[in-house]
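Below is one structure; the comments refer to it alone.
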Amino acid sequence: MFGLIETWRALEAKGVMGINRRNADYVLMYNERSLYPLVDDKILTKQRAIEAGILVPEMYGVIETEKDIEKLQDIVKDHQDFVIKPAQGAGGDGILVIAGRFEGHYKTVSGKILTHEEIEHHISNILTGLYSLGGHRDRALIEYRVKPDPIFKSISYEGVPDIRIIVLMGYPLMAMLRLPTRQSGGKANLHQGAIGVGVDLATGITLGGTWHNKKITKHPDTNNAVNGIRLPSWSGFMRLAADAYHLCNLGYIGVDMVLDQNKGPLILELNARPGLNIQIANNCGLLPRARAVERHLETLREKGIQETVEERVRFSQERFGHVTSHD
Amino acid sequence: MRALSLHLKILISLLVVLGVSVTAYQIFVLGIPITEDVIDDLWNIEAKIEFQANPGVPVKLQMYVPPLDQDFVSLNESFISNNYGVSVNQVNGNRRVTWSARRANGKQTLYYRLVVTKRYSAEQSKPTGPVFREPIPIEGPEKIAVEALLSSIRQHSADIETFISEAIKRVNNHNDDNVKILLGGDTSIQNKARVIELILSMAHVPMERVHTIRLNADQPQTPELWLRSFNGNRWLFFNPQTGAQGLPNDRLIWWAGDEPLINLEGGRNPKVTFTLSSSELNAIRLAKMIDENTEANILKYSPLYDLPLQTQQLYQIILMIPVGVLVILILRNLIGIDTLGTFTPVLIALAFRETQISYGIILFTLITALGLALRSYLEHLKLQMLPRLSVVLTFVVALIATISLFSHKLGLERGLSVSLFPMVILTMTIERLSITWEERGGGHAFKVGIGTLIAASLAYLLMNIRELAYFIFTFPSVLLLIVAFMLAMGRYRGYRLTELFRFKALAKD
C-alpha cells in the first residue's frame with residue numbers, strides 16, 4: 001500500500017499521463033467524436049492527405065464492390081509490388097504484401113506464391129468485413145509497398161518499423177520508433193510484443209526502449225543496442241507530424257509514419273487514442289510537455305498569432321528536444 | 001473548461017443535497033426504518049368492564065375511550081359484547097362508547113380492545129384549548145390561604161409553565177399551613193388536583209385533568225391522573241405529585257375532564273380492569289398495515305411500495321443495477337480492470353442470480369472456454385466473421401442444452417437452472433469476447449474475460465446484499481447519490497491502480 005502511494009507520487013512528479021487523464025483532458029477535449037471515422041478509415045485519411053499535399057504511400061486504387069475486383073489487373077499492371085489493406089482493419093490483420101511477380105503469379109514477402117484468384121478471394125474477404133472492426137462491410141485499398149530504410153536492419157525483425165509522434169494541436173510532444181519482434185509477428189504493435197524506442201525530438205537520435213512495460217536497451221531478437229541511432233530525415237518526420245493536424249482536425253493524435261528508402265517519411269495512419277507506453281520508451285511523462293504546449297497556445301491566442309508548421313516544429317524541438325539517453 | 005467544472009460541481013452538489021435530504025426526510029421525519037429488520041412495539045390494550053345488571057331495567061353503560069388524534073396510531077379497535085348495542089360519539093374532545101341493552105341479567109362482561117403503535121403517527125392537527133378562565137369563587141380563610149400561596153408562587157415563577165409547576169409543588173408540600181387549610185386533611189390525588197385548580201383559577205390560568213394509561217405490560221394499569229394547561233400554542237402536561245412538566249412517552253391519553261371513566265345506568269358494582277400486552281412487528285409490515293387500516297399513506301413516500309407485489313420484487317432487482325454499474329465503473333476507472341463493455345458484467349451478475357454464483361462461474365468459464373476453442377478451430381477454415389459467429393453461438397446453445405441434459409441425468413438439479421436469460425447473456429458474452437479476440441488478439445480476450453468474470457462476481461455479491469436492496473428500494477433517492485458519484489468519476493483524472501504497475505518502470509530512477 002505504502003509502495004503504491006510512493007509510485008503514485010513518483011509518477012505524478014514525473015508528469016506521467018494516465019488513461020483517465022488522457023481521456024478526460026486530451027482525447028475528449030481536443031478530439032471531436034464525429035471526426036473519428038476519418039482516422040478509422042485508411043482510405044478517407046489517405047484521400048484527405050493527398051488533397052492536402054501530405055506525403056503518404058501512393059494509392060494505386062480502391063476496390064469497393066465484388067464487381068470492382070475485376071479492376072485489380074488494371075490497377076496493379078504497372079506495379080511489380082504493392083500492398084492490399086482493409087480500409088478499417090485493426091491490428092494489421094488482412095494486410096497482404098506482394099513483393100513481386102513470378103510467371104504470372106504473385107509473390108509475398110516471405111516467398112509464398114499466390115495465384116490471381118487467391119488474391120481476388122482475399123479482396124472478397126476484405127469486402128465482406130472479415131477483417132474490419134465489428135464485421136462491417138469494408139473497402140480494400142491497394143497502395144505502394146513501403147521499402148523500409150536499411151538503417152533498421154540491425155534492430156528490427158521482419159516487418160516494417162514505424163515512427164509514432166504524438167501531436168497536440170499541431171505541436172509534436174513525443175516520438176517513438178516501433179520495432180517489430182519475432183513475438184509481435186512482424187507487426188509494429190506494442191500490445192503484440194513489438195518494442196518501442198524513444199526518439200529525441202530535436203536530433204532524431206534514439207533513446208532507450210520499452211518492451212512489455214519494461215525499460216530495455218537491446219532488441220530481444222537481434223541483441224543489438226537500440227539507442228544512439230540517428231534516424232535519417234528526422235526533420236521531415238517532424239514536419240509531417242505537425243502537418244497531420246490539418247489533415248483531420250483532431251487536436252490530440254498519434255501520427256504513425258514510415259521511412260521509405262526512396263520516398264523518405266510517409267504517413268501511414270492516424271490514431272485518435274494513442275497509447276501511453278511512449279512515456280516508458282522516452283522515460284518521460286507527457287503531461288509537462290502537453291501543458292507547455294497549452295500555455296504556449298494560450299499566449300499565442302492572446303496575441304492573435306497562428307504559428308506555421310516550421311514554427312511549431314521549432315517550438316517542440318527547442319522545448320522538448322536534446323534529452324540524454326537513459327541507461 | 002472552468003465554467004464546465006463549476007457547472008458539474010453545482011450539479012453534483014445539487015444531486016447530493018437532494019438525495020441526502022429526501023432520504024433523511026424519509027428516515028427521520030416519516031420514520032421509515034433503515035433496515036428491513038427494524039421492529040416496532042405494537043400495544044394491545046384491553047379494558048374489561050364487569051358489573052351486575054339490575055333485573056328488569058334497561059342497561060346503559062358509557063365509557064370513555066382514547067381519542068384517535070394523538071401520538072399513537074390506532075390499528076384496530078373493537079367492542080365486544082353480547083346482545084348490547086354499541087355506539088361511539090365525540091364528547092368535548094373525548095370519545096365515548098355507549099353500550100346499551102333492553103334488559104340484562106346477572107353478571108355482565110364487556111370488552112374494549114385497542115391496538116396502537118407509536119411509529120408513523122400522523123402530523124398532529126394544531127391543538128386548541130382555553131387560555132383564560134374565571135376564578136372559582138371562594139370565601140373566608142380559604143381565600144386568604146390561596147392569596148398567600150399565590151403571591152409566593154408568583155415570586156418563584158417566570159411564566160405560565162413555571163407558575164403551574166410551582167403551584168403543584170406547593171400543594172404537595174404538606175407542611176405548608178395554607179395548603180393544610182385548603183386540603184382539609186384529604187391528601188388524595190383528586191383532592192390535590194382540586195386545590196391546584198382552585199389556586200390556578202385565581203390566577204386565571206385554566207387547567208384540565210387528563211387520565212392516561214401507562215403502556216407497560218409488566219403490571220396492571222389503572223388510569224393515571226395528569227394535569228394539563230394550554231399555553232396558547234400547545235398543551236403543557238404536569239405530574240400532579242411532583243409538578244414535573246411533560247407527558248412521558250409511554251402514556252396514552254384516555255380521556256380528559258373531571259368525569260369518571262364509566263357511567264352506568266341500570267347496573268351496579270362496575271369494575272374496569274386494564275390488560276396490556278405488547279407484540280413486535282416488522283416496521284415495513286406495520287406501515288402496510290397502517291396504510292390498510294387508516295387513511296394515512298406512509299409508504300406513499302416510498303413510492304415503489306405502491307406497485308403490485310410481483311412488480312416490487314422485480315424492481316428490487318432492477319434498482320440494484322445502478323449499484324452493479326457503479327462497481328464496474330470503479331473497477332474500470334479506478335482499479336483499471338478491463339471488462340467487456342460496461343453493461344455486460346452487470347448482465348452476467350444478473351444471470352448469476354439465477355444460476356447461483358459458484359455454479360454460474362463454473363458454467364460461464366466452461367461454456368466460454370469451449371465456445372472460444374471452437375472459434376479458434378473455425379479460424380483455420382477461413383470463414384467470414386458473421387458465419388463464424390453464428391456457428392459459435394449455435395454451438396453454445398447446443399452445449400448448454402447438453403449440460404442441462406447431463407446434469408439432469410446425474411440428478412443435479414442445478415443444471416436445469418440455466419433458463420432463457422442466462423443463456424442469452426452467455427451467448428452474447430461469447431460473441432463479444434470473440435469480437436475482442438478478432439480485434440485485439442487472444443491474450444487480450446483472455447484478460448478481458450477474466451476481468452469480466454471478476455467484475456460480474458463482485459457486482460453479483462454487492463447486488464445481492466439484502467439490506468442494500470431493501471435500502472435502495474425503500475429510499476430510491478439514494479440513486480441520486482450514485483449518479484453524483486458517477487458524475488464526479490467522469491472527471492477523475494488520477495491514475496488507475498493497474499497503471500501504477502504498468503508505469504512502475506518510470507517511477508524508478
Side-chain angles (χ1 to χ4, degrees), chain A residues 3-26 28-29 89-91 93 121-122 124-125 127-136 184-185 187 189 191-193 208 210-216 276-277 279-285 287 326, chain B residues 1-2 4-5 8 329-338 341 378-379 381-390 392-393 431-432 434-448 487-509:
Chain A
L4 288 181
I5 293 169
E6 271 189 352
T7 309
W8 182 298
R9 292 230 176 94
L11 293 181
E12 201 138 75
K14 214 160 185 179
V16 174
M17 188 188 285
I19 294 175
N20 287 329
R21 187 173 296 275
R22 180 197 68 185
N23 290 350
D25 283 352
Y26 296 95
L28 270 176
M29 287 293 294
D93 279 343
H121 180 70
H122 182 79
S124 167
N125 276 345
L127 296 185
T128 53
L130 182 57
Y131 306 106
S132 82
L133 296 165
H136 305 294
S184 77
K187 287 173 187 159
N189 197 329
H191 294 300
Q192 289 163 333
T210 177
W211 181 68
H212 285 301
N213 299 342
K214 286 191 270 291
K215 286 183 191 169
I216 54 155
L276 296 164
N277 272 19
Q279 299 178 106
I280 305 177
N282 281 276
N283 191 32
C284 178
L287 267 184
H326 65 275
Chain B
M1 173 78 199
R2 183 155 300 162
L4 184 69
S5 48
L8 191 71
L329 179 66
I330 289 172
L331 284 180
R332 283 172 63 113
N333 272 22
L334 288 183
I335 312 285
I337 291 179
D338 273 330
L378 292 177
E379 202 172 78
L381 301 183
K382 297 280 173 213
L383 298 175
Q384 284 176 23
M385 186 159 171
L386 281 180
R388 186 164 61 205
L389 270 180
S390 313
V392 170
L393 297 194
E431 169 175 8
R432 297 208 47 176
S434 303
I435 292 175
T436 309
W437 192 311
E438 308 271 340
E439 289 174 1
R440 304 283 306 268
H444 187 79
F446 189 71
K447 222 170 71 182
V448 166
L487 284 175
M489 281 296 305
R491 293 242 129 218
Y492 172 73
R493 289 166 172 77
Y495 299 112
R496 298 175 180 179
L497 187 63
T498 48
E499 281 181 327
L500 294 182
F501 297 101
R502 175 179 171 189
F503 293 127
K504 208 163 191 161
L506 272 175
K508 276 180 259 164
D509 253 332

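Just so you know, these numbers use all the heavy atoms, side chains as well, and skip hydrogens, waters and symmetry mates. Chain identifiers are assigned alphabetically (A, B, ...) following the order of the sequence lines, protein sequences preceding nucleic acid strands; residue numbering begins at 1 within each chain.
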Rounding to 0.5 Å, atoms CZ (R21(A)) and CZ (R491(B)) come to a distance of 10.5 Å
Find out whether F503(B) and L276(A) are in side-chain contact, i.e. whether some heavy atom of one side chain is under 4.5 Å from a heavy atom of the other.
yes
Residue part contacting chain B, namely of N277(A), when any heavy atom lies under 4.5 Å:
both
For F446(B), does the CZ atom sit with more than 12 other heavy atoms under 6.0 Å from it, leaving out its own atoms?
no
What I'd like to find out is whether the side chain of L500(B) reaches to under 4.5 Å of the side chain of E6(A), using heavy atoms alone.
no
Return the minimal non-hydrogen interatomic distance between A24(A) and R493(B), and the atom names on each side.
CB-CG, 4.2 Å
Quick one: does Y495(B)'s side chain have a donor or acceptor within less than 3.5 Å of a partner on L11(A)'s backbone?
yes
Euclidean distance, R502(B) CZ relative to Q279(A) CD, rounded to 0.5 Å:
8.0 Å
Using a 3.5 Å distance criterion without hydrogens, assess whether the side chain of K14(A) forms a donor-acceptor pair with backbone atoms of L506(B).
yes
Please answer whether the main-chain N or O of N333(B) pairs with a side-chain N or O of N20(A) as donor and acceptor at a distance below 3.5 Å.
yes
Which of L4(A), T7(A), N213(A) passes side chain to side chain contact (heavy atoms under 4.5 Å, CB included) with F501(B)? Answer is L4(A)
